[in-house]
Every structure is written in structure tokens, then in C-alpha cells.
Amino acid sequence: MTTPEESCGGVVVPMATPVTADGRVDLTAIDRIVNHLVEHGCVPFVLGTTGEATSYTLPQKRDIIHQAILSSAGRAPVYVGIASNCLEESVDLAQESFLKGADYVVAHLPFYYPLTPAQMIAYFDRLANRVGGRLLVYNIPATTGIAIPEEVVYELSAHPGIVGVKDSERDLAKQERIIAFCKRTDGFCHFTGWGTQIGHSLLLGSDGLVPSSGNLVPGMYRTQYDAAKRGDREEVARLQSVCDQVSEVYQKGRLLSESLAALKVIMQELGMCGEHVLPPLTQLSDADRAAIREQTEALDLVRLSGVRRA
């Protein structure tokens with residue numbers, strides 16, 4: 001289980017958000033997924049990229065947050081994505097989340113307008129001043145179209161309300177420098193969101209990982225995290241190889257928009273939730289779904305997942 005000293009760190013899983021065929025949030029499935037994560041020593045993170053956060057209405061987001069916190073029941077921290085192109089919307093959602101019992105909120109930059117480093121700092125400063133709790137900066141240029149320079153991260157680390165960075169940019173040298181900075185900066189955590197570099201980042205001293213494949217095999221990522229903390233490089237490498245194979249089932253050769261639909265196909269096979277996604281995402285073809293099911297069986301993902309089957 002997640003221990004108190006790991007409250008900013010550990011295995012933070014960006015949850016897929018289950019929905020019904022008619023687009024309603026499946027609260028029962030949220031409860032099932034949260035329990036699956038917590039039972040394997042992981043932490044739920046709702047309304048991130050994997051959770052299709054941009055596709056939900058504010059009332060739906062409130063329901064998702066409430067159910068995740070209710071299901072976690074104090075057994076693990078809860079992280080909530082609050083990113084929006086509207087600052088006031090992010091502030092309101094953050095404040096509501098903290099009132100309901102969330103532990104951290106996470107925000108990437110607004111997208112649409114190109115921003116200077118000074119504008120990035122000003123934005124996160126204003127957000128952190130108003131959210132009413134602990135904020136993590138989320139660097140994900142693959143979706144925002146804007147990479148946060150490391151100098152901006154260093155500047156933001158001085159803000160008492162900004163407690164860390166979740167880095168999903170695929171720039172290894174930059175990531176290594178930021179990890180080194182975080183290691184010598186008390187109270188500022190680093191999370192890696194680059195799946196294939198998780199083991200490497202953890203061994204360098206990253207405080208945590210945010211793997212979308214954690215929806216499927218949370219226990220394996222928890223074991224990898226623990227192995228890294230004790231310096232067992234061989235075990236970290238072994239688990240990285242297996243987790244990469246799991247990730248390839250739904251990610252290889254697919255755009256992000258396609259991989260999220262593929263992820264839910266596997267989750268349906270594991271009995272965790274349905275395969276439905278919200279627009280602009282679409283479900284996969286019958287042939288693609290069949291191929292994913294074959295790969296799921298070949299990897300014995302039901303066993304690897306540790307899911308409790310009814």
C-alpha cells in the first residue's frame with residue numbers, strides 16, 4: 001500500500017474513465033477500477049489524458065471526482081486533473097476537488113495560443129495562488145503543442161503551492177536534468193510519464209511514475225517502483241520489458257486517440273469497464289478489437305493484471 005511518506009510520489013495511475021454506451025459516466029466501474037489500483041498499492045489520478053478529460057462536461061467531471069474520492073476512502077491519495085483553457089474553470093474545479101477530499105490537482109498549460117516562458121510562469125503562479133491546495137505542473141507537449149522549458153520548472157518550484165512536475169515530454173537529456181534538480185530541491189517532486197523510460201527515471205531518482213498501462217497491470221508497476229527504490233536494477237529492467245510488452249498491445253502503431261480506445265478494449269476483457277469512448281474518439285474496428293483480444297490472451301493479461309474476477 002502507499003505509505004504516508006510516498007504521498008507525493010509512488011505509482012500514480014492515470015485512470016481511464018468508464019462510460020456507458022449512451023455516454024453516461026459509469027460510476028460502478030470507477031469504483032471497481034479505483035479499488036483495483038488501491039489494492040495493488042497504487043494511487044488513482046482522474047481526469048488526465050488517459051481519462052479523456054477534455055471530453056467531459058463540468059457536471060460529469062464533478063461526479064467522476066466525487067466517486068473516485070469516495071471509492072478511495074482515505075486508503076490512498078487522489079490526484080485530479082483540472083486543466084482547462086479557461087483559468088476560472090480550472091480554479092473552480094480545483095477548489096471543489098479539495099473540498100471533496102482530493103489531495104493533489106494537476107494542470108497542463110492551456111493550448112491554442114503559443115506562450116512565452118514568462119507567460120507560462122505567470123499562468124501557473126496565478127493558478128497556484130487560487131486553487132487552495134497542492135498543484136503539480138504537467139508537461140505534455142504531445143497534446144498541448146507547447147513544451148515547458150526546464151528553466152520554467154525551476155522557477156515554479158519556488159512557489160509554495162506547486163509541489164512537483166509530471167513530465168511526459170520525450171526528451172531524455174532534459175528529463176535527466178530536471179530529475180537531478182528535483183533531487184536537490186526539498187519538497188518538489190518529479191513524476192515520469194514517459195512509459196518506456198520509467199525504469200531509467202526511477203533509478204535516477206524520480207519520485208514516481210504515471211503509467212497509462214497501470215490501468216492494466218498496477219501491481220507490476222508497484223513492484224518495479226519498489227525494486228527501483230532498493231536499487232535492484234535487474235528487476236527494474238525485467239519489469240520494464242514486460243510492461244513495455246503490455247503497453248504495445250494498445251499503443252504500437254496507433255495515435256493516442258486510437259490507443260485510448262484500444263486500452264478500453266483490454267479493460268473490457270479484464271472485466272473492469274466497457275470499451276466505450278466519447279467523441280471525438282471512436283471505437284476500433286471489429287478486426288482491431290479481435291486482434292487486441294488475441295494479444296491480450298497471448299500475454300495472459302488476465303493473470304498479469306491481478307484483477308479479481310467475479
Side-chain angles (χ1 to χ4, degrees), residues 1-15 34 36-51 68 72 75-82 102-108 133-140 148 150 153 156-157 161-170 172 174-233 235-236 239-240 243-244 247:
M1 294 297 174
T2 303
T3 57
E5 61 269 22
E6 295 168 5
S7 58
C8 186
V11 185
V12 179
V13 178
M15 280 178 48
V34 170
H36 177 55
L37 301 181
V38 174
E39 287 168 2
H40 285 88
C42 299
V43 176
F45 167 29
V46 296
L47 296 175
T49 304
T50 307
S72 182
R75 296 172 294 163
V78 174
Y79 290 64
V80 175
I82 59 163
D103 298 273
Y104 298 89
V105 294
V106 185
H108 56 64
R134 295 170 288 191
L135 170 69
L136 277 93
V137 172
Y138 184 5
N139 181 31
I140 182 165
I148 300 176
E150 57 198 275
V153 174
L156 292 173
S157 71
I162 300 177
V163 297
V165 58
K166 187 228 167 178
D167 191 5
S168 295
E169 183 178 0
R170 299 193 173 195
L172 189 58
K174 178 180 175 182
Q175 185 176 83
E176 290 173 349
R177 291 192 296 270
I178 293 175
I179 290 172
F181 171 84
C182 292
K183 285 179 66 177
R184 60 178 184 267
T185 306
D186 290 339
F188 194 74
C189 298
H190 179 275
F191 292 83
T192 181
W194 184 0
T196 57
Q197 293 298 326
I198 281 172
H200 176 72
S201 298
L202 288 175
L203 289 169
L204 285 179
S206 183
D207 298 284
L209 55 154
V210 190
S212 62
S213 300
N215 284 278
L216 308 175
V217 289
M220 295 190 71
Y221 282 107
R222 178 67 207 203
T223 302
Q224 185 187 35
Y225 171 82
D226 291 340
K229 288 300 179 181
R230 64 176 184 269
D232 188 342
R233 292 178 175 273
E235 180 69 351
V236 169
L239 288 165
Q240 183 72 58
C243 290
D244 286 349
S247 299

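When a residue number appears, it is its place in the shown sequence, counting from 1.
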On a heavy-atom basis, which atom in Glu235 and which in Ala227 lie closest, and how many Å separate them?
CG-CB, 3.7 Å
What's the spacing between Ile178 CD1 and Ser157 OG if we round to 0.5 Å?
10.5 Å
Test item: Ser201 and Ile179 side chains (from C-beta on) under 4.5 Å apart, heavy atoms
yes
Identify the two heavy atoms, one from Glu169 and one from Gln175, that lie closest to each other, and give their separation to 0.1 Å.
O-NE2, 4.4 Å
One pair to check against side-chain contact (heavy atoms from CB on, under 4.5 Å): Val165 and Phe188. What are the steps and the verdict?
CA-CA 8 Å; Val165 58; Phe188 194 74; 4.1 Å; yes
Flag the pair Tyr79 / Phe191 as yes when at least one side-chain heavy-atom distance between them is below 4.5 Å, and no otherwise.
yes
Atom OG in Ser206, atom CD in Gln197: separation rounded to 0.5 Å?
11.5 Å
Taking the side chain as every heavy atom from C-beta outward, state whether Ile198 and Pro211 have any pair of such atoms under 4.5 Å apart.
yes
So does Gly219 get a backbone contact from the side chain of Thr223, meaning a donor-acceptor N/O pair under 3.5 Å?
yes
What I'd like to find out is whether the side chain of Val153 reaches to under 4.5 Å of the side chain of Val137, using heavy atoms alone.
no
Minimum heavy-atom separation for Ala102 to Val80, with atom names?
CB-CG2, 3.9 Å
Strictly by modelled atom types, are His200 and Glu176 linked by a side-chain donor-acceptor pair under 3.5 Å?
yes
For a quick test of reading the model, state the closest non-hydrogen atom pair linking Tyr221 to Ser247 and the distance between them.
OH-OG, 3.8 Å
All heavy atoms of Thr49 vs all of Tyr138, minimum pair found to be OG1-OH, 2.9 Å
Gap separating the NZ atom of Lys166 from the NE2 atom of His108, nearest 0.5 angstrom:
9.5 Å
With Arg230 via salt bridge (Lys or Arg N to Asp or Glu O under 4.0 Å) - residues at least two apart
Asp232
Hey, could you give me the CG/CG distance between Leu239 and Asp244, rounded to the nearest 0.5 Å?
10.5 Å
Non-hydrogen side-chain atoms of Leu203 and Val236 separated by less than 4.5 Å
yes
Once you round to the nearest 0.5 Å, how far does OG1 of Thr50 lie from CE of Met15?
10.5 Å
Check this for me: Lys229, atom NZ, are more than 12 non-hydrogen atoms of other residues, nucleotides or ligands nearer than 6.0 Å?
yes
Of all heavy-atom pairs linking Cys42 and Ala76, the shortest is O-CB, 4.0 Å
Between NE2 on residue His190 and CG on residue Leu202, distance to nearest 0.5 Å:
10.0 Å
Those residues that, when tested against His36, pass ring-ring contact (aromatic ring centres under 6.0 Å, His included) (two or more places apart):
His40
Just one of Leu172, Asp167, Val210 clears the side-chain contact (heavy atoms from CB on, under 4.5 Å) bar with Trp194, so which one?
Leu172
Given side chains that start at C-beta, do those of Val163 and Leu136 come closer than 4.5 Å, heavy atoms only?
yes
